[in-house]
Amino acid sequence: MAEPKTKYDRQIRIWGEQGQTALEKASICLLNCGPTGSEALKNLVLGGVGSITIIDGSKVEEGDLGNNFMVDESSIGESKAKCVCAFLQELNDAVKAKFVEESPESLIEMNPSFFSQFTLVIATQLKEPSMLKLDKICRQADVMLVVARSYGLTGLVRISLKEHTVIESKPDHFLDDLRLNNPWPELKRFAETIDLSTADPVVHKHIPYVIILVKLAEEWANAHNGSLPSTREEKREFKDLLKSKKIALDEDNFKEAIDASFKISASRGISSNLRKIVDDSSAEVDSTSSDFWVMVAALKEFISNEGDGEAPLEGAIPDMTSSTEFYVNLQKIYQAKAEEDFLAVEKRVIDILKRIGRDPASISKGNIKSFCRNARKLMVCRYRPIEDEFNSPTLSELQKYLTDEDYSIAVGFYILLRAVDRFATNYNRFPGLFDGAVDEDISRLKTIAVGILSDLGCNGSTLTDDLINEMHRFGGAELHTVAAVVGGIASQEVIKLITKQFIPMSGTYIFNAIDHKSQLLGL
């Protein structure tokens with residue numbers, strides 16, 4: 001076990017051993033191993049995913065040597081799936097790798113149950129009809145799907161699954177859970193033991209800012225009918241109160257208190273996002289409910305009872321200017337409260353499991369503890385079926401994107417990627433493949449794109465001739481530089497989905513290599 005820990009040390013620091021274990025248990029299926037698919041899978045193999053299966057019925061051609069470094073001249077005429085599989089196996093021999101030399105389109109059509117064995121399917125370079133069929137198959141089998149496509153100087157990535165729940169969302173910016181605006185009795189009692197008017201300058205400059213704020217917030221509330229600072233003027237006055245308690249210019253703890261004083265005015269209770277989750281219909285649990293929703297049901301009960309409107313305390317405090325004694329004692333108070341909240345939630349989880357006829361020990365203490373620690377940051381992501389988005393996108397959003405200068409090219413590529421598929425269905429090739437049919441191909445592509453916009457309710461809308469000409473110029477090419485970006489984004493989202501950490505993208509990601517832009521379209 002020590003060897004894998006050493007091998008994956010850097011990434012374990014990001015998503016922990018629990019995340020790495022989830023990766024090592026995952027089974028990934030890749031459809032089409034051109035440069036986009038190969039780049040996506042390479043990142044996952046290096047990350048230590050459990051097993052991979054490559055589906056591709058094509059042979060390596062001379063043109064593949066210029067955009068896929070996983071094949072070379074000796075590979076020409078060989079199975080592309082076999083060559084890429086062998087290369088990836090060399091990168092990490094701990095990953096189980098196999099290939100199926102068959103057309104993905106054929107497999108989707110003839111053997112849909114094949115995909116139910118996988119944790120996640122990465123579908124690259126699939127045309128629209130096959131992609132829509134695969135989406136239905138994966139949804140019925142509860143298999144996660146990530147669609148990735150690169151086409152000339154553009155590309156897209158889209159996630160599709162019914163529901164994805166995240167406990168460790170790890171947001172970049174989130175307020176510390178210090179409860180300065182709603183301290184519990186033990187924290188208040190500890191604050192009462194510390195004298196802000198002490199004449200000892202060393203003690204005074206080492207009182208933790210948490211205690212300074214708790215004491216002065218209480219002093220303010222006593223003078224203002226129990227209210228904390230809320231208006232801009234009151235917040236300024238509260239800062240002046242903090243400054244008045246300083247006895248020296250170099251007291252960093254008071255500077256920290258002034259910087260953190262806005263936390264006193266934060267709203268009590270839970271966020272609107274967490275309220276939406278605990279009030280979700282899925283929180284009405286039964287024997288078929290997932291562990292996540294059972295814990296949400298317990299959390300809802302906790303908030304209404306022991307929590308007094310608050311989520312469980314996280315229990316961690318940030319670094320701050322303080323004496324060691326004050327800091328350690330403060331840390332113990334926060335940890336004790338977090339443990340008390342955890343035990344209350346754990347008891348409710350056990351009671352709910354008994355009530356719905358499940359094993360009371362089926363959700364581990366570790367999972368409940370992690371859930372409590374991250375309760376304020378829970379996320380639930382739900383994705384529309386791709387066919388629903390294609391047939392009835394949010395019209396107001398689509399029209400906004402079409403008229404927004406910043407998004408017009410991204411949504412133009414989104415429409416044109418669908419248009420080239422319809423072109424290929426009609427004419428058995430992508431536009432721009434033959435030099436002799438330039439004007440005719442451009443005219444056909446424009447007609448198809450306008451038709452798609454019309455079908456979606458954007459009558460009279462069109463795309464710029466420059467963008468249509470560019471799409472024609474791409475000729476269906478899969479450029480390695482673009483494929484590396486698109487494949488990299490796809491693999492990043494796969495890791496989020498498998499580890500259930502960080503928040504996966506919602507909507508369709510469009511990469512515009514012409515303007516070096518990445519944008520999300522929420523349709």
Side-chain angles (χ1 to χ4, degrees), residues 16 18 167-171 174-196 198 203 206-219 221 228 253 256-257 260-261 263-264 266-271 274 278 294-352 360-361 363-378:
Q18 191 174 358
I167 294 175
E168 295 185 56
S169 61
K170 301 183 178 178
F174 213 82
L175 282 180
D176 298 312
D177 189 16
L178 298 176
R179 305 287 165 87
L180 301 178
N181 57 349
N182 191 16
W184 60 100
E186 290 80 5
L187 180 57
K188 283 183 176 180
R189 283 198 290 273
F190 178 60
E192 287 167 3
T193 66
I194 298 173
D195 184 10
L196 278 187
T198 178
V203 173
H206 287 92
I207 298 172
Y209 82 79
V210 167
I211 299 304
I212 296 170
L213 288 174
V214 168
K215 289 181 76 70
L216 293 186
E218 185 175 22
E219 181 180 321
L228 292 172
N253 55 337
E256 291 168 358
S261 61
K263 296 176 183 178
I264 290 293
S267 300
R268 292 183 178 181
I270 62 176
S271 68
L274 185 53
V278 298
V294 170
M295 289 189 285
V296 168
L299 173 64
K300 185 175 184 177
E301 292 181 4
F302 172 88
I303 291 169
S304 300
N305 294 280
E306 300 92 342
D308 192 25
E310 300 277 6
L313 188 75
E314 290 179 23
I317 59 173
D319 193 16
M320 63 188 77
T321 303
S322 171
S323 67
T324 301
E325 182 185 357
F326 283 160
Y327 188 85
V328 169
N329 287 336
L330 188 63
Q331 196 173 48
K332 286 178 179 177
I333 288 167
Y334 273 86
Q335 288 172 347
K337 172 63 173 168
E339 180 68 14
E340 178 188 321
D341 288 355
F342 153 70
L343 291 172
V345 173
E346 182 189 36
K347 182 178 184 305
R348 292 190 174 277
V349 168
I350 292 169
D351 289 345
I352 290 170
I363 302 179
S364 70
K365 282 181 178 287
N367 285 347
I368 299 172
K369 187 159 277 191
S370 174
F371 181 88
C372 290
R373 192 166 53 245
N374 293 283
R376 296 189 308 140
K377 306 164 192 170
L378 302 177

Within 6.0 Å of NZ in K347, more than 12 heavy atoms from elsewhere: no

Spell out, as yes or no, whether a donor-acceptor pair under 3.5 Å connects the side chain of R373 to the backbone of A316. no

Test Q18 against N367 for side chain to side chain contact (heavy atoms under 4.5 Å, CB included), laying out the working first. CA-CA 10 Å; Q18 191 174 358; N367 285 347; 3.5 Å; yes

In Å, rounded to the nearest 0.5 Å, how long is the span from NZ of K365 to SG of C372? 11.0 Å

E306 and R348 ion-paired at < 4.0 Å: yes

Spell out, as yes or no, whether a donor-acceptor pair under 3.5 Å connects the side chain of E186 to the backbone of K337. no

Without swapping roles, check the side chain of Y334 against the backbone of L178 for a donor-acceptor pair under 3.5 Å. yes

Under 3.5 Å donor-acceptor, N182 side chain and R268 backbone: no

Show, in sequence, the C-alpha distance, side-chain angles and deciding distance for I212 and L196, and conclude whether the side chain to side chain contact (heavy atoms under 4.5 Å, CB included) test is met. CA-CA 7 Å; I212 296 170; L196 278 187; 3.9 Å; yes

Go through the steps to decide whether M295 and I167 satisfy the test side chain to side chain contact (heavy atoms under 4.5 Å, CB included), and finish with yes or no. CA-CA 11 Å; M295 289 189 285; I167 294 175; 4.0 Å; yes

Tell me if a side-chain donor or acceptor on K215 pairs with a main-chain N or O of A191 at a distance below 3.5 Å. yes

If every non-hydrogen atom of A338 is compared with every non-hydrogen atom of L313, which pair is closest and at what distance? CB-O, 3.4 Å

Closest heavy-atom pair and its distance - S322, Y327: OG-N, 3.3 Å

